[in-house]
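The structure under discussion appears below in the form of structure tokens.
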Amino acid sequence: MSKRKAIEEIANIVGIALRHKIGAAINPDAPYAKKYMSEAERAISEAKEKVLHINFNTEDKRELEDKIKKKLQKELEQRPFIGAEKFSLIDAEIAFVLKQLELA
């Protein structure tokens, strides 16, 4: 798999994972919150496995961060049932997940 395709795949996985994580954080009493947190953790673990097989340079890391941000923004815009404060969590959650992936 090419590096560009891998970056796109990781961005998709992380974008969806962060959507679940943010949704569960904003609505912790919702019936789906535990399930979404679990799915987010599983997806981030999957992304970690994919990251291990790629040699990221600074430009690649920046590209991945940008793609994650765009994907997450789009995912959250499509979910009006998640409170408006969801957009204020984007940057912090992306920074946190990049640290988890050892890319920050």
Side-chain angles (χ1 to χ4, degrees):
M1 175 179 343
S2 74
K3 187 186 280 190
R4 297 290 165 236
K5 186 173 179 175
I7 288 172
E8 189 69 37
E9 188 175 332
I10 293 166
N12 285 334
I13 292 168
V14 172
I16 292 168
L18 290 180
R19 178 195 73 208
H20 286 322
K21 187 175 178 186
I22 289 172
I26 290 176
N27 301 316
D29 298 327
Y32 60 80
K34 283 185 180 180
K35 178 183 178 210
Y36 275 12
M37 283 302 283
S38 174
E39 288 178 7
E41 291 171 7
R42 182 197 49 77
I44 291 170
S45 293
E46 180 183 342
K48 276 184 187 180
E49 288 297 317
K50 293 187 181 297
V51 165
L52 291 175
H53 302 290
I54 303 169
N55 185 16
F56 284 93
N57 61 36
T58 305
E59 185 178 312
D60 296 332
K61 292 175 186 179
R62 198 173 347 202
E63 179 183 350
L64 178 62
E65 182 177 2
D66 290 343
K67 286 187 180 289
I68 291 170
K69 188 169 188 170
K70 287 177 186 174
K71 175 72 175 171
L72 180 56
Q73 182 80 25
K74 183 178 176 183
E75 289 284 332
L76 290 174
E77 286 171 355
Q78 295 174 348
R79 306 311 189 277
F81 54 88
I82 301 174
E85 63 271 19
K86 62 190 171 192
F87 296 112
S88 65
L89 300 175
I90 290 175
D91 290 330
E93 288 297 334
I94 291 173
F96 183 74
V97 80
L98 289 175
K99 285 181 183 175
Q100 283 184 302
L101 298 175
E102 299 178 10
L103 296 174

Residue pairs, two or more places apart or on separate chains, that pass ring-ring contact (aromatic ring centres under 6.0 Å, His included) and touch residues 51-70
none
Which pair of heavy atoms, one from A11 and one from I68, lies closest together, and at what distance?
CA-CG1, 3.8 Å
Quick check: closest heavy atoms across L64 and I7, and the distance to 0.1 Å?
CD1-O, 3.5 Å
Distance-only donor-acceptor hits, side chain of residues 12-19, under 3.5 Å, sequence neighbours excluded:
unit_1 : atom_1 : unit_2 : atom_2 : d
N12    : ND2    : E8     : O      : 3.4
R19    : NH1    : E75    : OE1    : 2.2

Just to verify, what does S2 make a side-chain contact (heavy atoms from CB on, under 4.5 Å) with, not counting sequence neighbours?
R4, K5
K99: which residues meet the side-chain contact (heavy atoms from CB on, under 4.5 Å) condition with it, sequence neighbours left out?
A104
Can you sort out the partners of K3 under salt bridge (charged side-chain N to carboxylate O under 4.0 Å, His left out), two or more places apart, ordered by chain and number?
D60
Excluding sequence neighbours, so at least two apart, what forms salt bridge (charged side-chain N to carboxylate O under 4.0 Å, His left out) with E46?
R42
What's the spacing between L72 CG and E77 CD if we round to 0.5 Å?
10.0 Å
Between CG of N57 and CZ of R62, what distance do you get to the nearest 0.5 Å?
9.0 Å
Side chains of residues 81-98: which donor-acceptor partners sit under 3.5 Å, not counting sequence neighbours?
unit_1 : atom_1 : unit_2 : atom_2 : d
K86    : NZ     : L76    : O      : 2.8
K86    : NZ     : R79    : O      : 2.6
K86    : NZ     : I82    : O      : 3.2
S88    : OG     : E85    : O      : 2.6
D91    : OD1    : K69    : NZ     : 2.9
E93    : OE1    : K21    : NZ     : 3.0

Counterpart residues, side-chain hydrogen bond (donor to acceptor under 3.5 Å, both in side chains), relative to [X] (two or more places apart):
| X | result |
| --- | --- |
| K50 | E9 |
| Q100 | none |
| E65 | none |
| E41 | none |

Take atom CD in Q78; do more than 12 heavy atoms of anything else shown fall under 6.0 Å from it?
yes
Please list every donor-acceptor pair under 3.5 Å in which a side-chain atom of residues 26-37 meets a protein atom from a residue at least two apart or in another chain.
unit_1 : atom_1 : unit_2 : atom_2 : d
N27    : ND2    : Y32    : OH     : 3.0

